[in-house]
Trainee: 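Okay, here's the structure, questions in a sec.
Side-chain atoms are counted along with the backbone in the values below, which use heavy atoms only and exclude waters and symmetry mates.
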Amino acid sequence: MFDFEKLTVYSKAKAFNIKVQVFLSHSDVDRTTYSQLRRAAFSIMLNIAEGSGRYSKADKRHFYVISRGSTFECVAIFDYLKDISVLSESEFNAFYSDLDELSRMLFSMIQKLS
């Protein structure tokens, strides 16, 4: 088992990715927004994995900071989708809650590595 597979934040990021993929497969999102959301959501998970494989605290922290930045990017995309009525308020709140939790977990990991 790889170290990242033991991390709760990785499991939650992977579950979030699946939710995003399901949402995108059933929504009417333009190609650019689809691609950006898909890449940002995937970036959260992949940067957690990559960071866990680094040896120095600074390297680990760098990848967790990128991952946290991708959570913010996803929030902005979902906020936009809500405003143009592609996403309902309840769907937005569910994604927002997931992203808030991921952001807090990543922030804690980043602080511990500072």
Trainee: For the backbone of Ala94 and the side chain of Ser97, can you confirm whether one donor and one acceptor N or O come within less than 3.5 Å of each other?
Mentor: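 No; zero donor-acceptor contacts below 3.5 Å.
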
Trainee: Quick one: CD1 on Ile44 to CG on Leu106, what's the gap to the nearest 0.5 Å?
Mentor: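 One finds 8.0 Å between CD1 of Ile44 and CG of Leu106.
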
Trainee: Considering non-hydrogen atoms only, spot the tightest contact between Gly51 and Phe63 and give its length.
Mentor: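 Smallest interatomic distance, heavy atoms only, reads CA-CB, 3.5 Å.
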
Trainee: Is there a continuous path of hydrophobic side-chain contacts, each under 4.5 Å between heavy atoms, that joins Phe72 to Ile66?
Mentor: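 No, Phe72 and Ile66 fall in different hydrophobic clusters.
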
Trainee: Between Leu7 and Met109, is the side-chain contact (heavy atoms from CB on, under 4.5 Å) condition met? List the steps.
Mentor: CA-CA 11 Å; Leu7 297 173; Met109 292 169 71; 4.3 Å; yes

Trainee: For Asn93 and Glu89, indicate whether the former's side chain and the latter's backbone hold a donor-acceptor pair under 3.5 Å.
Mentor: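 Looks like yes, one N/O pair under 3.5 Å.
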
Trainee: Anything under 30° is parallel, anything over 60° is perpendicular, the rest tilted; go ahead and classify Phe4 against Tyr10.
Mentor: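 Rings of Phe4 and Tyr10: perpendicular, over 60°.
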
Trainee: Starting at CZ of Phe23, measure out to CG of Leu81 and round the result to the nearest 0.5 Å.
Mentor: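 Reported value, rounded in 0.5 Å steps: 5.5 Å.
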
Trainee: Please assess Val86 against Asp28 for the test side-chain contact (heavy atoms from CB on, under 4.5 Å), listing each intermediate value before the final yes or no.
Mentor: CA-CA 7 Å; Val86 171; Asp28 187 24; 5.6 Å; no

Trainee: Using every non-hydrogen atom in the two residues, find where Ser52 and Lys60 come nearest and quote the distance to one decimal.
Mentor: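 For Ser52 and Lys60, the tightest heavy-atom pair comes out as O-NZ, 3.0 Å.
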
Trainee: Measure the CG-CD distance between Asp30 and Gln36 for me, rounded to the nearest 0.5 Å.
Mentor: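 Going from CG on Asp30 over to CD on Gln36, the span is 11.0 Å.
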
Trainee: Counting only heavy atoms not in Arg54, do more than 12 fall under 6.0 Å of its CZ?
Mentor: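 Check passes, neighbour count above 12.
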
Trainee: Using a 6.0 Å cut-off, check whether atom NZ of Lys82 has over 12 heavy atoms from anything other than its own residue.
Mentor: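 Yes - once you tally the heavy atoms of other residues, nucleotides and ligands closer than 6.0 Å, there are more than 12.
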
Trainee: Apply the test side-chain contact (heavy atoms from CB on, under 4.5 Å) to residues Leu87 and Phe95: give CA-CA distance (whole Å), side-chain angles for both, the deciding distance (0.1 Å), then the verdict.
Mentor: CA-CA 10 Å; Leu87 191 67; Phe95 283 120; 4.1 Å; yes

Trainee: Check for me, please, whether Ile18 and Val20 land in the same ILVMFWY cluster - side-chain distances under 4.5 Å, paths through other members count.
Mentor: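 Different clusters: Ile18 never reaches Val20 through Ile, Leu, Val, Met, Phe, Trp or Tyr contacts under 4.5 Å.
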
Trainee: Can you list the residues that meet the side-chain hydrogen bond (donor to acceptor under 3.5 Å, both in side chains) rule with Thr71, with sequence neighbours excluded?
Mentor: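 Thr71 satisfies side-chain hydrogen bond (donor to acceptor under 3.5 Å, both in side chains) with no residue once adjacent residues are dropped.
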
Trainee: Taking atom OG of Ser70 and atom CG of Leu102, what is their separation to the nearest 0.5 Å?
Mentor: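 One gets 11.0 Å once the value is rounded to the nearest 0.5 Å.
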
Trainee: Where do Ala13 and Ile48 come nearest, in terms of heavy atoms and distance?
Mentor: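 Scanning both residues, the minimum pair turns out to be CB-CD1, 3.9 Å.
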
Trainee: I'd like to know if Val75 and Met105 are part of one continuous hydrophobic network [Ile/Leu/Val/Met/Phe/Trp/Tyr, side-chain heavy atoms within less than 4.5 Å].
Mentor: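 Yes, it is one cluster - the side chains of Met105 and Val75 are joined through contacts under 4.5 Å.
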
Trainee: Working to the nearest 0.5 Å, report the span between CZ of Phe92 and CG of Asp83.
Mentor: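 So the CZ of Phe92 and the CG of Asp83 are separated by 8.0 Å.
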
Trainee: In terms of hydrophobic clustering (I, L, V, M, F, W, Y; side-chain heavy atoms under 4.5 Å; direct or indirect links), are Val22 and Met45 co-clustered?
Mentor: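 No; tracing contacts between hydrophobic side chains, which count when under 4.5 Å, never links both residues.
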
Trainee: Heavy atoms only: give me the nearest Leu24-Leu37 pair and the separation to one decimal.
Mentor: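 Leu24 and Leu37 have their closest heavy atoms at CD2-CD2, 3.9 Å.
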
Trainee: Using a 6.0 Å cut-off, check whether atom OH of Tyr96 has over 12 heavy atoms from anything other than its own residue.
Mentor: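 Not more than 12 within 6.0 Å, no.
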
Trainee: Does the cation-pi check pass for Arg38 over Phe42, that is, NZ or CZ under 6.0 Å from the six-membered ring centre and within 45° of its axis?
Mentor: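 Yes, a cation-pi geometry.
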
Trainee: Would you give the length of the straight line joining atom CD of Gln21 to atom NE2 of His26, rounded to the nearest 0.5 angstrom?
Mentor: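 The NE2 atom of His26 is 10.5 Å from CD of Gln21, to the nearest 0.5 Å.
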
Trainee: Looking only at atom types and distance, does a side-chain atom of Asn47 sit under 3.5 Å from a main-chain N or O of Ser43, one as donor and one as acceptor?
Mentor: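 Confirmed, Asn47 side chain pairs with Ser43 backbone.
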
Trainee: Is the side chain of Ser108 donor-acceptor paired with the backbone N or O of Arg104 at a distance under 3.5 Å, no angle test?
Mentor: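 Between the backbone of Arg104 and the side chain of Ser108 there is no qualifying donor-acceptor contact (under 3.5 Å).
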
Trainee: Where do Cys74 and Phe16 come nearest, in terms of heavy atoms and distance?
Mentor: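 Result for this residue pair: SG-CE2, 4.2 Å.
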
